[in-house]
Amino acid sequence: MIIIMDERGKKYLLGKSQEFQSDLGIISEEQIANASIGDRLTTHLNKEFKVIKPNINDFIDLMDRRCSILIQKDIGSVIAKTGLGNGNKVVDAGTGAGAIALNFGNIVGREGHVYSYEIREDFAEIARKNISSFELEDIIEVKNKDIKEGIDENDIDLVFLDLTKPYEIFEDVYESLNLGGHLVIYAPYIDQIETSYRIAKKLGFSDLAIVETLERELEVRPQGTRPKTRMVGHSGYLLFARKL
């Protein structure tokens, strides 16, 4: 896969064996197949596209979704606060389109592994396709299975749950985690996260914390710099807990 960007800054995700067409013209399959990072491809209308090196964020922005995904501010909080690193093993549920599984896989690398549970077969197939397109299928395994039927893996460093009632499987989570392993819950509603907090504490999890991350950019104008009127406000709450 490659990513090309037009003169307006719009990006497109392409396979190496396809012709590209847009309102700015056509780029031949041969041009795309021979393209390298940094090349400029010209359409039949003499419009230029840059070939850029894609990263995980570019790919997630352009991949097939068909469902809502976690946004960068929340994914970043999960990775930073758990200290996720190369060689770690992760359990993730539910997969959705695979956005957070891709982020996990990109970090744990070839020495680690991500096991992602998704109850819906259609979402599982979309996630597998996206993971394969980014060439992380050797690292991320998508399991079309209800995680409430049991967690197959053990010695896990992080369990991340994006479920309606995640607390129903906290006992299984505790058993599957390494000593020092993390549990993270994402929930859009405060009652979900509060119930999760109380049950996690009762079961013996430590270092419990509930976090809401808000993000606001600044805008630079000729007359001065100020916060943007719009900001990325509430998306969800994150509960962090640790087995110690």
Side-chain angles (χ1 to χ4, degrees), residues 1-3 11 13-16 37 52-147 150-163 166 169 172-173 176-178 180-186 213 235-236 238 240 242-243:
M1 307 292 287
I2 63 169
I3 288 180
K11 299 171 187 173
L13 182 67
L14 306 178
K16 280 282 193 175
I37 304 302
I52 66 173
K53 183 177 180 179
N55 63 29
I56 194 75
N57 293 328
D58 293 321
F59 182 77
I60 290 172
D61 284 343
L62 299 172
M63 73 182 189
D64 187 4
R65 296 187 188 182
R66 305 189 201 179
C67 60
S68 60
I69 64 170
L70 260 73
I71 58 179
Q72 290 175 7
K73 68 181 182 71
D74 296 317
I75 295 172
S77 293
V78 174
I79 292 167
K81 289 184 74 66
T82 61
L84 189 69
N86 183 64
N88 284 171
K89 291 169 63 179
V90 180
V91 166
D92 158 42
T95 313
I100 197 159
L102 281 162
N103 274 275
F104 290 155
N106 195 47
I107 289 174
V108 304
R110 303 292 170 186
E111 301 300 317
H113 208 83
V114 178
Y115 306 91
S116 193
Y117 289 71
E118 174 55 56
I119 192 171
R120 287 186 51 167
E121 185 176 358
D122 54 341
F123 285 175
E125 285 304 311
I126 291 168
R128 288 189 185 109
K129 173 188 166 188
N130 289 334
I131 290 162
S132 177
S133 294
F134 203 69
E135 299 182 353
L136 291 180
E137 64 269 28
D138 293 338
I139 300 173
I140 305 170
E141 177 184 351
V142 178
K143 309 177 82 165
N144 183 202
K145 177 182 175 181
D146 186 352
I147 197 170
I151 299 174
D152 300 328
E153 297 75 30
N154 50 38
D155 298 324
I156 297 299
D157 300 295
L158 167 63
V159 175
F160 176 84
L161 302 177
D162 180 5
L163 305 171
I169 62 167
D172 285 346
V173 169
S176 71
L177 284 170
N178 281 321
H182 292 265
L183 164 65
V184 181
I185 307 300
Y186 173 85
T213 305
S235 51
L238 292 167
F240 294 89
R242 199 171 185 193
K243 179 179 176 179

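Scanning both residues, Ile60 and Ala99, for their nearest heavy atoms gives CD1-O, 3.6 Å. Between Ile119 and Asn144, the shortest heavy-atom contact is O-ND2, 3.2 Å. Between Ala127 and Val142, the shortest heavy-atom contact is CB-CG2, 4.2 Å. Closest approach of Asp74 to Ser235, counting heavy atoms only: OD2-OG, 2.6 Å. Pairing each heavy atom of Leu136 with each of Gly105, the nearest pair is CD1-C, 4.2 Å. Annotation for Ile3 and Pro54: closest pair CD1-CB, 3.3 Å, computed over non-hydrogen atoms.
Between the side chain of Asp58 and the backbone N or O of Asn55 there is at least one donor-acceptor pair closer than 3.5 Å. With hydrogens and angles disregarded, no donor-acceptor distance shorter than 3.5 Å links the side chain of Asn178 to the backbone of Gly180. Distance alone, capped at 3.5 Å, places no donor-acceptor pair between the Asn86 side chain and the Glu111 backbone. Distance alone, capped at 3.5 Å, is enough to place a donor-acceptor pair between the Lys89 side chain and the Asn154 backbone.
When side chains are defined from C-beta on, Tyr117 counts as touching Ile151, because their heavy atoms get closer than 4.5 Å. Put simply, the side chain of Met63 reaches to within 4.5 Å of the side chain of Leu102, judged on heavy atoms. The side-chain heavy atoms of Ile139 and Arg110, taken from C-beta on, include a pair separated by under 4.5 Å. Counting only heavy atoms from C-beta outward, the side chains of Asn88 and Ile107 never approach each other to under 4.5 Å. Looking at Val78 and Phe160, their side chains come closer than 4.5 Å, going by heavy atoms from C-beta outward. Counting heavy atoms from C-beta outward, Val91 and Ser176 have side chains that stay 4.5 Å or more apart. A heavy-atom distance below 4.5 Å is found between the side chains of Ile147 and Leu161. For the pair Phe104/Leu158, a side-chain contact is recorded, criterion being any heavy-atom separation below 4.5 Å from C-beta on.
Within a 6.0 Å sphere centred on CD of Glu125, other residues, nucleotides and ligands contribute more than 12 heavy atoms. Heavy-atom contacts from other residues, nucleotides or ligands closer than 6.0 Å to CD of Glu141 number more than 12. The neighbour count for Lys129 NZ, taken as heavy atoms of other residues, nucleotides or ligands under 6.0 Å away, does not exceed 12.
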**Message:** Determine whether Ile169 and Leu163 satisfy the following criterion, side chain to side chain contact (heavy atoms under 4.5 Å, CB included), listing intermediate values before the conclusion.
**Reply:** CA-CA 10 Å; Ile169 62 167; Leu163 305 171; 4.3 Å; yes
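Atoms NE2 and CG, on His113 and Asp157 in that order, are 13.0 Å from each other to the nearest 0.5 Å. Considering CG of Leu70 and CG of Leu238, their distance stands at 7.0 Å, rounded to 0.5 Å. A distance of 10.0 Å separates CD1 of Ile100 from OH of Tyr186, quoted to the nearest 0.5 Å. Annotation: the span from Thr95 atom OG1 to Ile126 atom CD1 amounts to 11.5 Å, rounded to 0.5 Å. Considering CG of Asn106 and CD1 of Ile140, their distance stands at 8.5 Å, rounded to 0.5 Å.
Between Lys11 and Asp61 no salt bridge is recorded (no basic side-chain N to carboxylate O distance below 4.0 Å).
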